[in-house]
Amino acid sequence: MRMSALFGRTLRETPADIDHPPLRLMLRAGLARLTPGAITWLPVGVRVLRRLETIVREELTHIGAQEIRFPLFRPLIALDLAPGSLAPALSTLECTDRSRRSLTFAPADPTIIASLATGEIASYRQLPVLLHQMHPAYCSDCRASWLRESLAWTVYTLNSSTSEREETGARVHTAIERIFRRCDIQLMSVEAGSIEGNGSAPRAYVAISGYGDTDLLICESCGYAAVQEAARTALGSAPGALPAGDTSDHPEEIATPDCATIADLARFCGIPESATAKAVFFDSPERGLIFAVIRGDREINLKKLCTAAGISTLTPARSEQINAIGAVAGYASPVGLQNRTPDRVLVVADPSVTAGSPLIAGANRHGYHLRNVIYGRDWRADLIADIALARAGDPCMNCSAPLRQTTGLTIGYATRSNVFTPDATFLDREGVTRPIAMASFGIYLERLILTIIEQHCDQAGIIWTPETAPFDVHLIRLGKHDATREAADALYDELIAAGIAVLYDDRDDTAGVKFNDADLIGVPLRLVISDRFLSDGLVEIKQRATGAITKTPRQEIIAEVRNTGLFS
RNA sequence: CGGGGCGUGGCGCAGCCUGGUAGCGCACAGCGUUUGGGACGCUGGGGUCGUGGGUUCGAAUCCCUCCGCCCCGACCA
């Protein structure tokens with residue numbers, strides 16, 4: 001590719017409000033642009049995407065997976081989605097077509113796989129089967145708008161049993177690890193969900209990144225690692241601190257003016273936040289008002305609460321709902337609620353408030369709290385479940401060492417869905433109809449590229465690895481002599497003829513501009529052909545990664561380029 | 001969903017407070033001088049100042065609406 005004709009220039013400056021160094025490099029190097037709300041890939045960036053696609057395809061083919069392609073939009077009525085059956089981090093969009101049919105953008109919809117399996121799979125002889133597709137994806141609760149839309153690669157496995165599903169899952173895991181290794185990025189596989197049935201827990205592939213969007217808890221003692229929302233701890237029934245001098249055998253009302261928050265209350269009473277009980281209200285489609293109680297210093301894990309209460313989503317409760325059960329916002333507690341029936345409110349308590357010492361809780365009266373509140377004596381929950389969000393310092397599930405918190409960028413996931421689609425069945429050896437066991441895996445390409453850049457760059461720009469680079473060689477022509485120009489043009493043609501992908505800087509710019517652009521774009525090998533060296537018949541070769549420079553006779557260039565091993 | 005910030009040629013910004021001919025740097029075009037680490041001189045083109053409304057003789061500037069982008073929060077009982 002001649003740079004004089006390349007669409008998409010390099011940038012000296014980037015938009016000031018981009019606070020993400022890998023993305024800045026991506027924009028400055030001319031790989032992509034930020035169009036409102038999303039990334040638009042430019043030719044150089046598309047070449048990187050193509051290289052990644054090649055890597056992914058090769059590795060998936062290697063484990064026997066076959067490529068398919070889904071439709072992007074589906075009539076809503078065709079989808080009968082079980083909650084959580086979509087891949088994590090993906091969510092659906094709804095839209096309407098001209099005849100006002102509701103459509104959903106669900107390009108990785110597992111029900112398609114189910115219906116395909118129904119039509120194509122009839123016998124255990126056809127299983128297992130591994131399928132994969134590349135598709136756009138949309139993640140509406142992604143923090144950065146430019147990461148919401150992405151290119152994803154999804155792998156589905158269809159299996160005759162859960163043990164076979166584990167076996168194919170291990171194969172896919174191997175392929176994914178090989179893909180990441182070929183991209184030369186460091187990342188970890190972490191727990192990303194609860195363990196389902198006799199399968200293993202969903203996992204996420206996460207790069208440790210300074211600019212990540214996933215909170216992680218890791219144990220440096222035993223290696224346990226999980227996304228915060230899925231992290232399990234040995235916390236269980238750790239008792240709360242006993243408020244000093246509290247010995248009475250019944251709750252006692254105390255005046256606590258202007259103490260509508262836990263922090264205020266703890267300060268006012270001179271007690272730690274862990275000696276209080278906190279009440280949090282949510283609304284849910286399935287159960288209506290949810291009244292969650294947890295120790296004052298802990299936060300509620302919304303996902304755990306959803307699972308425990310058997311509901312799909314939680315939204316903050318409306319004040320009418322709270323008032324209807326006689327609770328007083330700011331001073332609410334489960335003690336002495338009125339109109340409390342399971343169909344009006346579901347009280348869920350964390351073990352931190354049911355197994356511990358007496359706590360201070362709201363009195364359901366403005367300006368008052370109760371102290372010496374004891375679970376079982378003074379109140380009861382409809383459901384006791386671990387709904388606490390794990391945090392740094394909590395004891396590790398396996399070895400009780402304190403967990404450390406960090407952030408990462410989620411690049412992929414693995415779920416072994418326990419959902420057997422009823423219609424997708426096969427006949428086993430004994431002629432018995434059985435459901436197909438499915439699992440899915442995914443990789444997000446934008447995030448993969450950002451991680452490669454973050455882990456392979458310096459002050460001057462990107463340093464592509466040979467396998468992921470947009471070009472193999474960056475050829476620079478310096479000087480204006482016709483002979484130099486002709487020699488450079490000839491070398492360009494020769495490299496292409498040798499099957500080498502070349503970015504040829506044939507522009508009439510100064511050396512500084514060209515060198516800086518070359519460093520920024522980060523092609524592994526830089527060739528310079530100039531007035532200065534042409535007279536000696538020499539071409540300069542510089543490795544971007546090491547900075548090593550050699551001068552090679554013009555005739556030996558192709559062989560020398562091959563010798564470096566720096567092209568794929 | 002809440003809070004904060006921003007929106008002015010392609011990019012980065014100034015101008016707004018205190019209303020009065022829309023500016024600077026980069027990039028772009030032409031000419032000349034340069035040419036191994038983001039050169040220099042001269043000349044030139046390009047902007048309904050995010051949208052809609054209001055105040056005013058006059059609005060980029062003051063007021064309101066909406067839209068978009070960025071950051072932070074989402075746990076308050």
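In what follows, every chain begins at residue 1, and chains take the letters A, B, ... in the order their sequences are listed. Below, all heavy atoms of this structure are taken into account, side chains as well, without hydrogens, waters or symmetry copies.
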Item to check | Any-strand Watson-Crick or G-U partner of B:G7, both distances under 3.5 Å | outcome: B:C67
Checklist entry - So does A:S145 get a side-chain nitrogen or oxygen closer than 4.0 Å to the phosphate oxygens (OP1/OP2) of B:C70? => result yes
Checklist entry - When you measure from the side chain of A:I322, which nucleotide among B:C70, B:A77, B:C28 comes out closest? => result B:A77
Checklist entry - Between B:C75, B:A77, B:A27, which one does the side chain of A:R9 approach most closely? => result B:A27
Item to check | Results of salt bridge (Lys or Arg N to Asp or Glu O under 4.0 Å) for A:R12 - residues two or more places apart only | outcome: none
Checklist entry - What integer number of Å spans the C1' atoms of B:C24 and B:G46? => result 15 Å
Item to check | Residue A:I300, side-chain atoms from C-beta onward, closest of B:C75, B:C70, B:C76 | outcome: B:C75
Next on the checklist: Suppose you measure atom P in B:A27 against the same atom in B:C40; what distance do you get, rounded to whole Å?
Outcome noted: 9 Å
Checklist entry - Does A:G210 offer a backbone N or O that forms a donor-acceptor pair with the side chain of A:E454 under 3.5 Å? => result yes
Checklist entry - Taking any strand in view, what nucleotide pairs with B:G19 in a Watson-Crick or G-U wobble way, both distances under 3.5 Å? => result none
Checklist entry - Could you write nucleotides 29-39 of chain B as a row of B, S and -, 5' to 3', where a protein heavy atom under 4.0 Å of any base atom gives B, of only sugar-phosphate atoms gives S, and otherwise -? => result -----BBBBBB
Checklist outcome for this item: Across all chains, not counting sequence neighbours, the salt bridge (Lys or Arg N to Asp or Glu O under 4.0 Å) partners of A:R554 are A:E494
Checklist entry - Taking a pair as Watson-Crick or G-U wobble with both distances under 3.5 Å, which nucleotide is matched to B:G44? => result B:C28
Next on the checklist: Suppose you measure atom P in B:A60 against the same atom in B:G54; what distance do you get, rounded to whole Å?
Outcome noted: 15 Å
Item to check | Base-pairing assignment for B:G2 (Watson-Crick or G-U wobble, both under 3.5 Å) | outcome: B:C72
Checklist entry - Considering residues at least two apart in sequence or located in another chain, which fulfil the salt bridge (Lys or Arg N to Asp or Glu O under 4.0 Å) criterion with A:E299? => result none
Next on the checklist: With rounding to the closest Å, how many angstrom separate the P atoms on B:C31 and B:C70?
Outcome noted: 42 Å
Checklist entry - How far, in whole Å, is B:U61 from B:G50 if one measures between their P atoms? => result 8 Å
Next on the checklist: Checking A:H369 now: which residues fulfil ring-ring contact (aromatic ring centres under 6.0 Å, His included) with it, not counting sequence neighbours?
Outcome noted: A:Y331
Next on the checklist: Counting only Watson-Crick pairs (N1-N3 plus N6-O4 or O6-N4) and G-U wobbles (N1-O2, O6-N3), all under 3.5 Å, who is the partner of B:A60?
Outcome noted: none
Next on the checklist: I need the full list of ring pair (Phe, Tyr, Trp, His ring centres under 6.0 Å) pairs touching residues 502-552 of chain A, with sequence neighbours left out, sorted by first then second residue.
Outcome noted: A:Y492-A:Y504
Item to check | Flag for A:D517-A:T10: side-chain donor and acceptor within less than 3.5 Å | outcome: yes
Next on the checklist: Return the pairing partner of B:C49 with a 3.5 Å limit on both distances, Watson-Crick or G-U wobble; otherwise return none.
Outcome noted: none
